[in-house]
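Heavy atoms only: backbone and side chains are in, while hydrogens, waters and symmetry mates are out. Throughout, residue positions are numbered sequentially from 1 according to the sequence presented.
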Amino acid sequence: MAKGSFAFPQSVARAQALGEIHARPYALVPSPRVIFQLAFLTEGGSAVDHAVMAELSRSRGISPPGRDSSHHALSWGQGTLRWERHTEFSTYFWDAPVPEKFGGEVAVHPFGDSFSPPGTLISGIRLEIRPDSPETREAISAFDPTSLCYSEIKNGQGVVLTDFRQDGDGLTQILVIDRGMTEAGRGALVQRLLDIETYRTLAMMGLPLAQSLSPDIRRIEDGLTGITNAMKQHARDKADELLTEITRLAAELEANAALSLYRFGASRAYYGIVQERIRTLAETAVPGYETLGFFLERRRAPAMRPCQSVEERQANLSRKLARATALLRSWIDVELEQLNSTLLNSMDRRAKLQLRLQQTVEGLSVAAISYYVVGLFGYMAKAAHGVGLPVKPETLTGIAVPFVILGMWLLVRAIRRRHAEEARH
């Protein structure tokens with residue numbers, strides 16, 4: 001078979017789907033190693049984020065990433081600086097050889113005074129991978145025992161320790177004790193641990209918003225309670241006033257719901273990512289210590305409940321406002337129907353009066369027209385008598401009167417009937 005026999009035109013969607021599988025490959029991480037990852041909210045947009053990475057690339061003599069690129073890597077010192085853009089944040093990952101002691105100072109790193117962050121810092125992590133040794137095990141004393149998480153992973157090939165507290169640089173310290181993992185295995189473990197710390201912080205961004213919206217929701221609930229109580233006593237008398245007030249409350253609620261829609265949805269998504277990453281760790285508990293998954297679930301779940309509670313309260317309150325609005329509108333509609341019925345009855349009476357008046361006018365019109373026609377006929381009878389007709393003009397005029405009246409009545413009736421037919425069409 002000749003090479004290129006299957007080189008058919010490809011769909012753009014196929015290329016994107018195939019490329020997505022390899023969009024975030026795990027870095028091959030040697031041991032020992034220290035890794036720093038900073039996550040910044042990109043409030044200024046992707047242009048600012050791209051400008052920061054482009055400047056870093058040019059300072060190292062490397063071509064900057066393309067405008068549409070979502071990840072980029074460049075050599076920095078004895079390690080590699082990796083940049084990745086996400087929906088609302090970007091991460092900067094850098095690895096280097098470990099210092100002599102756990103938590104020791106790293107002499108040269110890319111996040112010095114010349115680094116201009118693209119936004120505010122949301123997550124900072126320092127992760128060290130060290131071989132299993134007495135010196136490494138002594139690093140346990142560097143963590144806070146009240147929140148220390150200590151568990152084995154990969155069937156004992158590694159140990160993870162952290163207290164989820166920040167060091168003097170504001171970074172969350174994580175220690176991985178390597179007991180024989182491969183470089184690919186270490187890379188996968190590192191990525192999961194970094195994701196857990198980054199996304200658990202992002203998931204909590206919905207909590208301040210939920211706390212700020214809770215008093216507003218309570219005030220709207222109280223307002224709805226007052227409206228429903230007033231509806232029981234003055235629904236018909238104050239329907240318009242109550243409808244205006246309930247519409248104002250509904251508009252305020254919808255504005256708050258629109259404000260929180262993205263944030264709460266993102267928090268749920270981040271929370272799901274954290275849960276998925278914890279499951280893939282497949283931790284084994286060490287007696288006397290908590291696992292990362294147990295510790296985070298015990299601390300995160302209560303913090304996520306206010307977000308869920310506010311969302312549920314907003315949805316329930318929206319339904320209650322809609323029902324109260326429907327009730328008020330039904331009463332207003334009843335009042336409108338009564339007004340319309342009264343108006344229609346009044347119009348019906350007016351139409352009957354108008355018909356009677358019209359019939360009266362038509363009778364008068366027949367009499368008036370007949371009078372003039374009879375007068376004209378009298379002149380014609382006089383003229384005929386003057387030329388020799390032996391009948392007196394008065395006699396001819398008197399005989400013509402009933403015929404003229406009947407003719408005029410038939411004529412007026414025919415005209416009215418024609419007008420009625422035109423009105424129906």
Side-chain angles (χ1 to χ4, degrees), residues 29 31-39 93 95-96 98-106 121-181 185-205 207 270-271 273-305:
V29 179
S31 179
R33 209 69 174 168
V34 60
I35 296 168
F36 295 87
Q37 179 172 290
L38 305 180
F93 171 107
D95 65 312
V98 296
E100 184 178 350
K101 293 183 179 181
F102 175 74
E105 184 177 353
V106 178
L121 181 68
I122 189 63
S123 173
I125 307 166
R126 174 176 176 150
L127 187 151
E128 294 191 26
I129 303 175
R130 294 177 177 268
D132 192 7
S133 66
E135 293 79 8
T136 301
R137 288 192 289 272
E138 289 178 0
I140 297 177
S141 60
F143 295 99
D144 184 355
T146 61
S147 59
L148 175 61
C149 299
Y150 185 180
S151 61
E152 294 183 349
I153 46 91
K154 292 183 176 292
N155 296 321
Q157 294 183 21
V159 175
V160 178
L161 299 96
T162 183
D163 56 5
F164 291 103
R165 297 189 182 276
Q166 286 69 51
D167 61 9
D169 295 323
L171 306 177
T172 300
Q173 294 192 101
I174 302 175
L175 172 61
V176 175
I177 300 177
D178 184 9
R179 293 177 176 173
M181 292 183 289
R186 284 190 292 268
L189 175 62
V190 165
Q191 188 62 59
R192 290 164 186 162
L193 292 173
L194 295 177
D195 285 350
I196 288 173
E197 173 60 18
T198 301
Y199 287 114
R200 69 106 179 177
T201 306
L202 288 163
M204 292 298 99
M205 289 177 59
L207 180 60
Y270 294 143
Y271 183 60
I273 292 174
V274 172
Q275 291 177 312
E276 189 273 334
R277 296 294 189 271
I278 289 175
R279 285 194 296 269
T280 56
L281 284 180
E283 296 178 278
T284 302
V286 176
Y289 297 95
E290 291 183 326
T291 63
L292 276 72
F294 182 80
F295 177 85
L296 289 176
E297 188 62 25
R298 183 165 58 86
R299 302 296 180 92
R300 280 183 305 114
M304 290 297 296
R305 289 192 190 104

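Ring-plane geometry between F143 and F102 is classed as tilted, the angle between the planes lying from 30 to 60 degrees on a 0 to 90 degree scale.
Without hydrogens or angle criteria, T136 side chain to P131 main chain gives a donor-acceptor distance under 3.5 Å. A donor-acceptor pair is defined here as one N or O able to donate and one able to accept, closer than 3.5 Å; such a pair exists between the side chain of T162 and the backbone of Q173. When atom types are taken as modelled, the side chain of T280 and the backbone of R277 share a donor-acceptor pair closer than 3.5 angstrom. The main-chain N or O of V29 is found under 3.5 Å from a side-chain atom of R186 such that the two form a donor-acceptor pair. Within the 3.5 Å criterion, the main-chain N or O of G103 finds a donor-acceptor partner in the side chain of E128.
Of all the heavy atoms in A303 and L207, the pair that sits closest is O-CD1, 3.5 Å. Of all the heavy atoms in E297 and R300, the pair that sits closest is OE1-NH2, 3.4 Å. Between V159 and L161 the shortest heavy-atom distance is CG1-CD1, 3.7 Å. Of all heavy-atom pairs between Q157 and M181, the closest is O-CG, 3.6 Å. Shortest non-hydrogen contact noted between C149 and L292 is CB-CD1, 3.8 Å. When all heavy atoms of L194 and L127 are compared, the pair lying nearest together is CD2-CD1, 4.4 Å.
Considering only heavy atoms from C-beta on, E152 comes within 4.5 Å of R179 through its side chain. Side chains of Y271 and R200 form no contact here, defined as non-hydrogen atoms less than 4.5 Å apart. Residues V190 and I129 meet the side-chain proximity criterion, which asks for heavy atoms closer than 4.5 Å. Using a 4.5 Å heavy-atom cutoff, the side chains of T291 and L281 are not in contact. Within the 4.5 Å cutoff, the side chain of Y270 has no heavy atoms near those of the M205 side chain.
To the nearest 0.5 Å, the span separating OH on Y199 from CD1 on I122 amounts to 13.0 Å. The distance from atom CZ of F164 to atom OG1 of T201, rounded to the nearest 0.5 Å, is 9.0 Å. The CZ atom of R192 lies 12.5 Å from the CD1 atom of I278; values are rounded to the nearest 0.5 Å. Distance CG/N155 to OG1/T284: 6.5 Å, rounded to 0.5 Å. To the nearest 0.5 Å, atom CD of residue E197 and atom CG of residue L296 are 8.0 Å apart. Distance check, rounded to the nearest 0.5 Å: CD of E105 to CG of D169 gives 8.5 Å.
Just one of L193, D195, L189 meets the side chain to side chain contact (heavy atoms under 4.5 Å, CB included) condition when paired with Q191; it is D195. Each of L175, V34, D178 was evaluated against R130; a single residue qualifies, L175, per the side chain to side chain contact (heavy atoms under 4.5 Å, CB included) test.
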*F36 and F93: CA distance, side-chain angles, deciding distance, ring-ring contact (aromatic ring centres under 6.0 Å, His included) verdict*: CA-CA 6 Å; F36 295 87; F93 171 107; 9.9 Å; no
*Test R137 against D132 for salt bridge (charged side-chain N to carboxylate O under 4.0 Å, His left out), laying out the working first.*
CA-CA 7 Å; R137 288 192 289 272; D132 192 7; 2.6 Å; yes
*salt bridge (charged side-chain N to carboxylate O under 4.0 Å, His left out) between K101 and E135: does it pass, once the steps are laid out?*
CA-CA 8 Å; K101 293 183 179 181; E135 293 79 8; over 6 Å; no
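Ion pairing between R298 and E290 holds under the 4.0 Å rule for side-chain N and carboxylate O.
Side-chain atoms of S147 and R165 form a donor-acceptor pair, as typed in the model, at a separation below 3.5 Å. In summary, the side chains of S151 and E283 do present a donor paired with an acceptor at a separation below 3.5 Å, with no hydrogens or angles considered.
Around the CG atom of D144, the shell of radius 6.0 Å holds more than 12 heavy atoms that belong to other residues, nucleotides or ligands.
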